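Worksheet: one structure, shown below.
Ligands are counted one by one from 1 in listed order, and the atoms in each one are counted from 1 as well. Every value quoted in this text rests on a predicted model; they were computed, and no experiment measured them.
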Amino acid sequence: GWNPGKPGHGSSGCDSVQNGYQCQPDISHFWGQYSPFFSVESSIPSEVPPRCSVTFANVLSRHGARDPTASKTAAYNATVQKIHANVQNYPGKYAFLKNYEYTLGADQLTLFGQQEMINSGLKFYERYEQLANHLTPFVRSASEDRVVESAENFTQGYHSAKLADKRNRRGDSTYPYPITVISEADGSNNTLNHGLCTNFEDGPDDSIASNAQKTWANVFVPAIQNRLNSDLQGANLTQTEVTYVMDLCPFNTVASNNGTISSFCSLFTEEEWHQYNYYETLNKYYGYSYGNPLGPTQGVGFANELIARLTNSAVDDETSTNHTLDDNPATFPLRRSLYADFSHDNDMTAIFSALGLYNGTGPLSNTTVTEAQDANGYSAAWTVPFAARAYFEKLRCAGNREEFVRVVINDRVLPLSQCGGDRYGRCTLSKFVNSLGFAKSDGLWDQCFT
Ligand SMILES: O=P(O)(O)O[C@@H]1[C@H](O)[C@@H](O)[C@H](O)[C@@H](O)[C@@H]1OP(=O)(O)O
């Protein structure tokens, strides 16, 4: 039976509801956006501060662990074929590779990823139980299969926790919860999936991230490339193919039902995983965050929706919001206490930047690793791992007339220095909203179409 309160529940070998993925954390927490969710260390306790209660929570979630995208899975398969066609001897820890058969699919959630999302729904219910035990979240999702399926799995976990909750005596007649799906079709206004800003999608800035990654790859990959091509006589792997072999570590790990660490992982050292993690972090920072002139602007639409929900006011946005949906209380209700939105890593990165989160980070070097602890808490694995979740919460605290806002990303409480965050990471609601001038003025959206 369900007792989601017990940390063991919903756990498979390496993964648990409370702590996420904890096997070989010295490497599995350094796989960039391909790290399975794990609870990130927080210098500010993530518990609700004393004499406070949560009055509002909006979770913004990535989908759970998936197979590689279609183009990447083809590239990975080709790389394995190339090795098998050219290499006869597979010494030592490469032995598994001789008969390794590439069987990964494309784009869809793995079973492990589905369980991650059920666990995320359980965790959200438990954290906000005082609201959740009598409320149903308003749920929205971008339309890609893996994202909608993640939303469904999240509600499955939330629903299960509700039925198991002794303090809920009314069952859960609203399940299955309606999910407002926002189309990702080309040209669609969608705050959970970028695509409209022409100069961002196809402009000169399109190569900023790949250039930064290439510069860093030229520093850290050659040593690995030499070792692999020497150990696997005949492989003759390119730099890019070396990164593909590294990708096969996380993707084969999350393809295993209980997240068993793949044999690909031990082909690389801890330091090399830190270098890989940084390679992926550069992709996000220079692709969708402050390292890209129009990156943060892609998150402005969601930021303005969040402001509307936090302040119970109409959405004021002329960027990527879908006004057909947002001006209709059936698809964009205000005055709800619980919201759940499901999206992608890149969009979440842009949204965090539009909200000024991590604005003390960078610019990130493309020749040496800056660890998350030294980057104002910023890395791909700390912010947008598989099943990543950001909690935007409002608190009412005894002795304070105004409500507070806190932001907790993968269990790490952000200091919110941009709005005078206190020792609990709290800003008053008005100071938080006043710090969002970039979003409220539609960011640099006017530069999207010049
Ligand atoms: O997770 P990434 O591989 O960095 O990005 C994924 C695809 O490669 C992109 O093409 C797509 O645009 C992203 O949305 C997608 O991110 P997910 O969060 O969907 O894995």
Side-chain angles (χ1 to χ4, degrees), residues 30-37 59-76 104-110 112-114 116-117 120 141-151 153-154 181-186 188 190-197 200-202 205-210 212-213 217 240 243-244 246-255 276-289 291-292 294-295 298-299 302 320 341-352 379-390 409-410:
F30 296 92
W31 293 339
Q33 71 271 25
Y34 306 136
S35 285
F37 161 75
V59 57
L60 171 63
S61 175
R62 188 181 178 205
H63 54 77
R66 61 168 166 79
D67 277 329
T69 53
S71 56
K72 284 290 195 51
T73 212
Y76 297 160
L104 300 182
D107 293 319
Q108 301 308 320
L109 289 189
T110 63
F112 177 84
Q114 293 165 36
E116 280 186 302
M117 293 313 296
S120 185
S141 173
S143 65
E144 187 148 15
D145 283 1
R146 59 176 175 264
V147 189
V148 176
E149 200 182 321
S150 293
N153 290 143
F154 177 97
V181 177
I182 309 178
S183 171
E184 297 190 28
D186 289 350
S188 304
N190 188 336
T191 54
L192 301 173
N193 182 62
H194 69 91
L196 282 182
C197 176
F200 175 75
E201 302 298 333
D202 316 318
D205 297 348
D206 199 26
S207 55
I208 293 175
S210 49
Q213 285 192 287
T240 303
T243 63
Y244 289 168
M246 297 187 86
D247 290 345
L248 288 174
C249 159
F251 279 111
N252 277 291
T253 297
V254 300
Y276 172 87
N277 188 50
Y278 193 62
Y279 176 74
E280 297 300 354
T281 297
L282 292 175
N283 174 276
K284 301 303 165 199
Y285 181 81
Y286 285 101
Y288 298 88
S289 188
N292 190 298
L294 287 174
Q298 308 318 306
F302 183 90
S320 60
D341 296 303
F342 296 84
S343 181
H344 296 274
D345 56 4
N346 298 328
D347 305 284
M348 290 173 67
T349 300
I351 289 164
F352 295 159
S379 79
W382 279 24
T383 55
V384 287
F386 285 132
R389 66 294 303 264
I409 297 186
N410 301 315

Work out whether the distance between some heavy atom of Lys72 and some atom of ligand 1 is less than 4.0 Å.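 False for this residue.
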Contact check, Tyr34 vs ligand 1, heavy-atom distance below 4.0 Å: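 Under 4.0 Å: yes for Tyr34.
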For [atom], what is the nearest protein heavy atom, given as residue, atom name and distance?
{"atom": "atom 12 (O) of ligand 1", "answer": "Asn346 ND2, 3.8 Å"}
{"atom": "atom 8 (O) of ligand 1", "answer": "Thr69 CG2, 3.7 Å"}
{"atom": "atom 6 (C) of ligand 1", "answer": "Arg66 NH2, 3.5 Å"}
{"atom": "atom 15 (C) of ligand 1", "answer": "Arg146 NH2, 3.7 Å"}
{"atom": "atom 17 (P) of ligand 1", "answer": "His63 NE2, 3.0 Å"}

If you take the nearest heavy atom of each of [options], which one is closest to [atom]?
{"atom": "atom 1 (O) of ligand 1", "options": "Asp107, Thr349, Asp345", "answer": "Asp345"}
{"atom": "atom 4 (O) of ligand 1", "options": "Lys284, Glu280, Glu144, Glu184", "answer": "Lys284"}
{"atom": "atom 19 (O) of ligand 1", "options": "Arg62, His194, His344", "answer": "His344"}

Verify whether the ring centers belonging to Phe200 and Tyr288 lie closer than 6.0 Å.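 Here the rings of Tyr288 and Phe200 have centres that are less than 6.0 Å from each other.
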Report yes if the distance between the aromatic ring centroids of Phe30 and Tyr276 is under 6.0 Å, otherwise no.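 No, ring centres 6.0 Å or more apart.
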Name the residue from Gln298, Glu201, His344 that meets the side-chain hydrogen bond (donor to acceptor under 3.5 Å, both in side chains) definition with His194.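 Passing option: Glu201.
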Just to verify, which of Thr383, Asn292, Asp345 counts as forming a side-chain hydrogen bond (donor to acceptor under 3.5 Å, both in side chains) with Lys284?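 One option only clears the test, and that one is Asp345.
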Give a yes or no on whether atom 10 (O) of ligand 1 lies under 4.0 Å from any heavy atom of the protein.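 Within 4.0 Å of atom 10 (O) of ligand 1, no protein heavy atoms are found.
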Can a side-chain donor-acceptor contact be found between Gln114 and Asn153 if the only test is distance below 3.5 angstrom?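 Not at all, the side chains of Asn153 and Gln114 share no donor-acceptor pair under 3.5 Å.
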Least distance between heavy atoms, Leu104 atom then Ala255 atom: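 Residues Leu104 and Ala255, closest heavy atoms: CD2-CB, 3.5 Å.
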Looking only at non-hydrogen atoms, find the nearest pair between Tyr34 and Arg66 and report the distance.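 Shortest heavy-atom contact: CE2-NH2, 3.9 Å.
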Classify the ring geometry of Tyr76 against Tyr244: parallel below 30°, tilted from 30° to 60°, perpendicular beyond 60°.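 It falls in the perpendicular class, over 60°.
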